[in-house]
2 protein chains.
Amino acid sequence: MTLTRESAPSSRRRAVRDIVLYGLCGGVLIAVLKLTEYRFLVVEHSVEIYGALVAALFAGLGIWLGQTLTRKKPAVILKEVPTPAAGPFAADETRVSQLGITPRELEILGLIASGLSNREIADRLFVSENTVKTHSSRLFDKLGAKRRTQAVQIGKTARLIP
Amino acid sequence: MTLTRESAPSSRRRAVRDIVLYGLCGGVLIAVLKLTEYRFLVVEHSVEIYGALVAALFAGLGIWLGQTLTRKKPAVILKEVPTPAAGPFAADETRVSQLGITPRELEILGLIASGLSNREIADRLFVSENTVKTHSSRLFDKLGAKRRTQAVQIGKTARLIP
DNA sequence: TGCAAAATCACCCGAAAGTGTGACGACAAC
DNA sequence: GTTGTCGTCACACTTTCGGGTGATTTTGCA
């Protein structure tokens, strides 16, 4: 399916406005610096220091601006997610026994489905990685899967996992 | 349900690299400015011009840096709301554009979720396996996933895929 | 008590997945 | 006409997976 993503013009306009505002602020800041003759507080060859100072300051401000600019979007990110209003999931025991899947294997299938690596699963279950491998290997065999992603897919359609 | 995204080390590494590169660029720029004695090309009161130049430059760079740095930041905060399971699936375009996921990447996410290998995806889309890898790599980056199973899990909770 | 299933672990090896970098053409936007 | 994004591809490299084999311990139950 192709999903044409149109550019959000409103945010862009807002961004431009912000940048302009930002520039103005910068101008004012420079003016202030000039008026206070701040640069005469340092010694002769102060241009470099002055430049570095301004650079650092504006770099920091720029980063901050960039962040606040992009942070505006995540403000809306707090959104409700429609989830199938289902109660606590219960694995289809019929199919589990049909396929001869052991409880441990089912457990590992769930952890695989939640995106964990073998290493992470091993740590979580306090077993060695090799153990997880053997379990998953046998699991794939029983499910007829070649990859963990496929195992997850099959497990979901077979209602072995939520 | 809160989906806490753990720090993707690769992105962080890249971010650090970006910062270092950025700093180096700044240093080089200042050095060049100094070496060419650019400030003597303009009239007496050149300090302001010089400062403004540096300021503007660093501001731009800072904004860019800030944006690129935080672009992948938006943590996917999901709020669960019971809803009668919808019929035909439609990807949440809002979140897709929020995460900056391209149509092609979304397509590949779907194929990954259906349990296909990179090779199989490549064959199905008539592209090279390397291309699929590139797409999935960028996809994982945007989703904050380290593995394809995790990408699928995140994609599902974010309603990017059925 | 003894047996079978389940769970545990190790080791090797090849295959798949993922990273990092760089490159190129197309195409839209400014 | 430069700039930016997207899609494409390569290649070297590291990490993770998965298969195969064999072994030991735990546990449920006949």
For A:Leu160, the option from A:Val152, A:Leu139, A:Leu106, A:Ile154 that meets side chain to side chain contact (heavy atoms under 4.5 Å, CB included):
A:Leu106
[X] has an atom [atom1]; how far is it from atom [atom2] of [N], in whole Å?
X	N	atom1	atom2	answer
A:Ile101	C:dA5	CD1	P	17 Å
B:Asp123	C:dA16	CG	P	12 Å
B:Arg138	D:dC6	CZ	C1'	8 Å
A:His135	C:dA10	NE2	P	13 Å
B:Ile108	D:dG7	CD1	P	9 Å
A:Gln150	D:dG18	CD	C1'	13 Å
A:Arg104	D:dT26	CZ	P	15 Å
B:Asn130	C:dT21	CG	P	16 Å

Taking the nucleotide of DNA chain D with the nearest heavy atom to each, does A:Lys146 or B:Thr131 sit closer to the 5' end?
B:Thr131
For nucleotides 15-17 of chain D, give me every protein contact, N/O to N/O, under 3.5 Å, one pair per line with atom names.
| residue | atom | partner | partner atom | Å |
| --- | --- | --- | --- | --- |
| D:dC17 | OP2 | A:Asn118 | N | 3.2 |

Cationic N near anionic O, under 4.0 Å, B:Glu120 to A:Arg147
yes
When rounded to the nearest 0.5 angstrom, what distance separates CD in A:Gln153 from CD1 in A:Ile161?
9.5 Å
Between CG on residue B:Leu111 and NE2 on residue B:His135, distance to nearest 0.5 Å
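One gets 11.5 Å once the value is rounded to the nearest 0.5 Å.
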For the side chain of B:Glu105 and the backbone of B:Ile101, is there at least one donor-acceptor N/O pair under 3.5 Å apart?
no
Check for a donor-acceptor pair, side chain of B:Ser97 on one end and backbone N or O of B:Gly100 on the other, with a separation under 3.5 Å.
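Checking the backbone N and O of B:Gly100 against the side chain of B:Ser97, no donor-acceptor pair under 3.5 Å is found.
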Is there a side-chain contact between [X] and the phosphate of [N], meaning an N or O under 4.0 Å from OP1 or OP2?
X	N	answer
A:Thr134	C:dC9	no
A:Ser128	C:dA10	yes
B:Ser137	C:dT19	yes
B:Thr102	D:dC6	no

Got a sec, which residues hit side-chain contact (heavy atoms from CB on, under 4.5 Å) with B:Glu129, two or more places apart in sequence or on another chain?
B:Asn118, B:Arg119, B:Ala122, B:Lys133
